[in-house]
Q: 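Okay, handing you the structure first.
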Amino acid sequence: MRRTWWIYLIGVLGLVAVAAPFLWMVLGSFKTQGELMRVPPTWWPRNATGQNYDDLFSKANFPRYFLNSALVALAVTAGNLIFCSMIGYALAKLRFKGRNALFVLVMATLMIPGMVTFVPLFVLVTNAGLANTYPGLILPFLVSPFGVFLMRQFFLGLPDDLIDAGRVDGSTELGIFARIMLPLTRPALATLGILTFLGSWNNFLWPLVVAQTEDKYTLPVALALYSTGQNAQNYGLLMAGAVVVVLPVLVMFLAFQRHVTKGIAITGLK
């Protein structure tokens, strides 16, 4: 115990370094503008107020931005859960010509930086007439190479005897996948769902380019735009907006943390 005290000390210092900015943001969202500008700064609000949140949801159009973010993130997450699990199952359990080559192609896309395909993807979406639409925000991210890889690795660890038993009972391939195999992949599905939701909720660059009118803005885009112009000096409003952006994903991650850890660990072992 005496030999490892420094490990705990480093862990505590790291926790403080990570949590302190978030705690400062939450406390700052309840401060007045004058207190936020005070030198030296105060840690705890002397006169706590909820005016920043009132302004956020009354004067600004943040409820609409919140709904946009929720719609896009939930649709992208649902698409990944459905399509990545189907593709992963096919690559792991179905025998067809070119299966290994197709999996190598999927893995190769992981090596391509997103910025390389960003402009061609934007041109494709624009030519399809999907710019400034919800499908334009959702469709390019319905399937991810990482999700396919994650689900394939999990399906590889499931015994083929389950599939053979389903075929003997007369079940179709779709029935075997939906009724037998898919329920066994709940840890992997939870992991993929959480990671996909986090990535979509925090996505900034694509909605910034595709969403060209205010009614299609997501929360990260709206918060970035509110940090410029006449709202640039309203730090309380910006901190309140940042809390609104961060809090849902933080609550979701804490609620499903056990499933995420289990899913990654099991998939890694397989």
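What you see below is based on every heavy atom in this structure, not just the backbone, and it leaves out hydrogens, waters and symmetry mates.
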Q: To the nearest 0.5 Å, what is the distance between CG (L121) and CG (L139)?
A: 10.0 Å
Q: Spell out, yes or no, whether L124 and Y134 are grouped together once hydrophobic residues are joined by side-chain heavy atoms under 4.5 Å, including indirect joins.
A: no
Q: Under 3.5 Å, which donor-acceptor pairs link side chains of residues 236-255 to any protein atom two or more places apart or in another chain?
A:
none

Q: Between the side chains of N68 and T218, is a donor N or O closer than 3.5 angstrom to an acceptor N or O?
A: no
Q: Tell me, do F149 and C84 make a side-chain contact under 4.5 Å, heavy atoms counted?
A: no
Q: A side-chain contact here means heavy atoms from C-beta on lying under 4.5 Å apart; do Q51 and T32 qualify?
A: no
Q: Is the backbone N or O of K31 less than 3.5 Å from a side-chain atom of N52, with the two atoms forming a donor-acceptor pair by type?
A: yes
Q: Honestly curious: do F197 and L67 fall in one hydrophobic cluster under the side-chain, below-4.5 Å linking rule?
A: no
Q: Could you note down all residue pairs passing ring-ring contact (aromatic ring centres under 6.0 Å, His included) where residues 101-124 supplies at least one of them, sequence neighbours left out?
A: F118-W206
Q: Where the side chain of T185 meets the backbone of A188, is there a donor-acceptor pair that is under 3.5 Å apart?
A: no
Q: I'd like to check the side-chain contact (heavy atoms from CB on, under 4.5 Å) partners of L27; sequence neighbours left out, ordered by chain and number.
A: L23, W43, W44, P45
Q: Does any N or O in the side chain of S171 come within less than 3.5 Å of the main-chain N or O of R167, such that one atom is a donor and the other an acceptor?
A: no
Q: Give, for atom CD1 of I138 and atom CG of L74, the distance between the pair rounded to the nearest 0.5 Å.
A: 9.5 Å
Q: What is the distance from atom CD1 of I176 to atom CG of L182, rounded to the nearest 0.5 Å?
A: 13.0 Å
Q: Is there a path of hydrophobic side-chain contacts, each under 4.5 Å between heavy atoms, that joins V16 and Y8?
A: no
Q: So which of N203, V210, V209 actually passes side-chain contact (heavy atoms from CB on, under 4.5 Å) with P207?
A: N203
Q: Indicate whether the side chain of S144 and that of N80 have a donor and an acceptor atom separated by less than 3.5 Å.
A: yes
Q: Please check if the side chain of T196 supplies one atom and the backbone of G193 the other of a donor-acceptor pair under 3.5 Å.
A: no
Q: OG of S200 to CG of L137: how many Å apart, nearest 0.5 Å?
A: 9.0 Å
Q: Could you list the cluster mates of V116? Members are the ILVMFWY residues connected by side-chain heavy atoms closer than 4.5 Å, either directly or through other members.
A: I112
Q: Between V148 and V143, is there a side-chain heavy-atom distance shorter than 4.5 Å?
A: yes
Q: Is there a donor-acceptor pair closer than 3.5 Å between any side-chain N or O of S29 and the backbone N or O of V26?
A: yes
Q: Please report the interatomic distance CG(L150) to CG(L192), rounded to the nearest 0.5 Å.
A: 6.0 Å
Q: Compute the ring centroids of F30 and Y53, then answer whether they are less than 6.0 Å apart.
A: yes
Q: Which atom pairs, donor and acceptor, lie under 3.5 Å between side-chain atoms of residues 86-96 and protein residues at least two apart or in another chain?
A:
residue : atom : partner : partner atom : Å
K93     : NZ   : F155    : O            : 3.2
K93     : NZ   : L158    : O            : 2.5
K93     : NZ   : D160    : OD1          : 2.7

Q: Is the backbone N or O of V123 less than 3.5 Å from a side-chain atom of N127, with the two atoms forming a donor-acceptor pair by type?
A: yes
Q: S85 versus F177: any side-chain heavy-atom pair under 4.5 Å?
A: yes
Q: Does atom CG of D169 have more than 12 heavy-atom neighbours from other groups under 6.0 Å away?
A: yes
Q: Shortest non-hydrogen contact from P183 to A178?
A: CD-O, 3.4 Å
Q: Provide the closest heavy-atom pair for V18 versus P21 in the form atom of the first, atom of the second, distance.
A: O-CD, 3.5 Å
Q: Hydrophobic cluster membership, with links at side-chain heavy-atom distances under 4.5 Å among I/L/V/M/F/W/Y: are L13 and I10 in one?
A: yes
Q: What residue pairs, at least two apart or across chains, pass salt bridge (charged side-chain N to carboxylate O under 4.0 Å, His left out) with a residue in residues 205-215?
A: none
Q: Please check: side-chain N/O of N132 versus main-chain N/O of A211, any donor-acceptor pairing under 3.5 Å?
A: no
Q: When rounded to the nearest 0.5 angstrom, what is the spacing between CG in L219 and CZ in F66?
A: 6.5 Å
Q: Mark yes when over 12 heavy atoms from residues, nucleotides or ligands other than M115 sit less than 6.0 Å from its CE; otherwise mark no.
A: yes
